[in-house]
Amino acid sequence: PEAEKQLALADKVVLNKADLVTPHELDEVRGAVRACNTTAALLTAQRAAVPLEELLDLGAFTSARWEAALQQPPLGASHGASVSCACVRGAAVALPALQRWLQRLVDTRHEDLLRIKGLLEVAGYEHRFVMHGIHAQLQGQFDRPWRLDEERGSTLVFIGHRLDES
């Protein structure tokens with residue numbers, strides 16, 4: 001269902017009309033949201049009173065945010081009964097081979113893919129490659145140079161339906 005997709009992809013969730021339920025019911029709603037999305041910030045509101053600064057300019061697509069998200073252990077993460085998460089980690093990738101592989105994945109599984117996030121080491125480049133996607137729409141760009149103290153490598157996280165790590 002679309003509502004579950006929206007919850008699985010959300011960075012923030014507003015629980016509105018909190019004044020119309022008991023504290024126990026509100027805790028049940030929070031638990032249901034957490035079953036779909038373990039990382040979204042939860043905001044409680046009455047009459048949709050949420051400060052705009054809580055909703056605007058989140059920096060949701062900055063490379064620093066993606067990098068922080070990739071540091072969290074995604075293996076075995078759950079986003080609800082029908083939404084799963086798979087993580088692929090490895091060494092430097094060849095950009096043309098990665099593009100071909102992702103295109104085949106999107107061509108065959110785009111309905112199952114909700115979100116793709118990645119921080120990649122690309123062979124022959126000194127800059128990190130940051131990518132993200134929703135369904136069949138993938139975007140990527142080179143970011144800043146790798147720092148000397150950073151461990152290089154590639155990580156791709158897939159959130160969707162019927163995913164496994166093979």
Which is it for K117 and R115 under the side-chain contact (heavy atoms from CB on, under 4.5 Å) test, yes or no, and what are the steps along the way?
CA-CA 7 Å; K117 301 176 186 181; R115 185 176 275 185; 3.3 Å; yes
Going by an N to O cut-off under 4.0 Å, is there a salt bridge joining D107 and R104?
no
Would you name the heavy atoms of E150 and P145 that are closest together and state the gap between them?
OE1-O, 4.3 Å
So, are R30 and E25 salt-bridged, with charged N and O less than 4.0 Å apart?
no
Minimum heavy-atom distance between A91 and S154, given as atom pair plus value
O-OG, 2.9 Å
How long is the span from the CG atom in L138 to the CG atom in L113, to the nearest 0.5 Å?
8.0 Å
In terms of heavy-atom contacts, does CD of Q137 have more than 12 from other residues, nucleotides or ligands at under 6.0 Å?
no
Can you tell me if CD on Q99 sees more than 12 non-hydrogen neighbours from other groups inside 6.0 Å?
yes
Please step through salt bridge (charged side-chain N to carboxylate O under 4.0 Å, His left out) for the pair R152 and E126, ending with a clear verdict.
CA-CA 10 Å; R152 291 184 179 212; E126 290 301 314; 2.7 Å; yes
Spell out, yes or no, whether W146 and L98 are grouped together once hydrophobic residues are joined by side-chain heavy atoms under 4.5 Å, including indirect joins.
no
Taking atom CD as the centre, does Q46 end up with more than 12 heavy-atom neighbours from other residues, nucleotides or ligands that are less than 6.0 angstrom away?
yes
Would a 4.5 Å heavy-atom cut-off, applied to side chains only, mark L43 and E54 as touching?
yes
From V50, L26, V29, residue fulfilling side chain to side chain contact (heavy atoms under 4.5 Å, CB included) relative to T44
L26
Can you name the nearest heavy-atom pair linking A45 to V14, along with the distance?
CB-CG1, 4.0 Å
Test item: L95 and F142 side chains (from C-beta on) under 4.5 Å apart, heavy atoms:
yes
Nearest 0.5 Å, what's the OG1-CZ distance between T155 and R89?
5.0 Å
Taking the side chain as everything from C-beta on, heavy atoms only, tell me whether L156 gets closer than 4.5 Å to M131.
yes
If you round to the nearest 0.5 Å, how far is CZ of R47 from CG of L20?
8.5 Å
Can you tell me how far the NE2 atom of H161 sits from the CG atom of D112, to the nearest 0.5 Å?
7.0 Å
If I take atom CD1 from residue I159 and atom CD1 from residue I116, how far apart are they, to the nearest 0.5 angstrom?
10.0 Å
To the nearest 0.5 Å, what is the distance between CZ (R128) and CZ (R144)?
3.5 Å
Compare all side-chain heavy atoms of V88 with those of F158 and state whether any distance is below 4.5 angstrom.
yes
